[in-house]
Amino acid sequence: QQQVKQSPQSLIVQKGGISIINCAYENTAFDYFPWYQQFPGKGPALLIAIRPDVSEKKEGRFTISFNKSAKQFSLHIMDSQPGDSATYFCAASNTGKLIFGQGTTLQVKP
Amino acid sequence: GAGVSQTPSNKVTEKGKYVELRCDPISGHTALYWYRQSLGQGPEFLIYFQGTGAADDSGLPNDRFFAVRPEGSVSTLKIQRTERGDSAVYLCASSLDGTGGPSDYTFGSGTRLTVV
């Protein structure tokens with residue numbers, strides 16, 4: 001019940017395209033859903049986050065869509081750029097500690 | 001400092017040896033978290049400190065793992081009798097007070113531990 005399942009494991013997108021990563025959770029007590037970006041040799045960095053009282057949040061090229069009834073949320077990266085190539089993790093929390101998904105390696109081809 | 005500092009950045013040790021990993025959080029942050037990230041996986045929670053005390057140590061895998069934060073600032077993760085399966089990147093994060101959840105988490109770059 002503490003798991004967060006993330007897909008796909010890897011993703012290749014052309015420059016300018018839309019990257020979509022999906023996550024699903026079981027624990028309805030989770031109340032905070034962040035997405036992290038991680039580059040090799042670095043720690044995860046917060047990209048964007050949402051709470052379950054809203055269905056969508058947009059910050060620049062990054063959008064989170066949240067479906068509370070389905071217990072799913074997704075990250076959309078619009079106009080994907082080669083600099084977006086990284087590993088992305090969804091996560092969920094209700095106590096301060098984060099439960100992470102397995103990660104998605106995104107490659108944006110020029 | 002400006003960010004969360006972890007030392008060493010890399011540590012190679014022999015199976016059975018004892019290691020200490022250090023985390024220096026952002027000044028003024030009272031909440032500190034340790035996570036372990038195995039190759040190709042998401043980080044897994046180990047332990048959470050609020051001030052000097054361990055508020056949640058439910059993620060420590062066994063009694064070979066121990067962490068301290070004696071003065072409420074720097075924390076040390078200690079691993080006894082290391083095993084090859086302990087090889088991973090150990091990440092530390094801090095946040096202002098922990099009450100807002102992880103919304104103000106900042107992660108360090110981690111310590112890559114290799115047990116040979």
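Throughout, a chain's letter reflects where its sequence line sits, starting with A, and its residues are numbered from 1.
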**Asked** By a 4.5 Å heavy-atom criterion (distance strictly below it), what part of Gln38(A) contacts chain B: side chain, backbone, both, or neither?
**Response** side chain
**Message:** Is it the case that the ring center of Tyr33(B) lies less than 6.0 angstrom away from the ring center of Phe45(B)?
**Reply:** no
**Prompt:** Between the side chains of Asn67(A) and Ser65(A), does any donor sit under 3.5 Å from an acceptor?
**Reply:** no
**Arg61(A): side chain to side chain donor-acceptor pair (under 3.5 Å) partners, not counting sequence neighbours** = Asp84(A)
**Request:** Enumerate the residue pairs fulfilling disulfide (SG to SG under 2.5 Å) with a member in residues 19-110 of chain A, sequence neighbours excluded, ordered by first and then second residue.
**Result:** Cys23(A)-Cys90(A)
**Request:** Report the option among Ser109(B), Gly110(B), Ser9(B), Pro43(B) that has the most heavy-atom pairs separated by less than 4.5 Å from atoms of chain A.
**Result:** Pro43(B)
**Asked** Any chance the side chains of Tyr48(B) and Gln50(B) put a donor and an acceptor closer than 3.5 Å?
**Response** yes
**Prompt:** Quick one: of Gly43(A), Ala91(A), Gly41(A), who has the most non-hydrogen atom pairs under 4.5 Å with chain B?
**Reply:** Gly43(A)
**Asked** By a 4.5 Å heavy-atom criterion (distance strictly below it), what part of Gln6(B) contacts chain A: side chain, backbone, both, or neither?
**Response** neither
**Asked** Where does Ser58(B) contact chain A at under 4.5 Å (heavy atoms): side chain, backbone, both or neither?
**Response** side chain
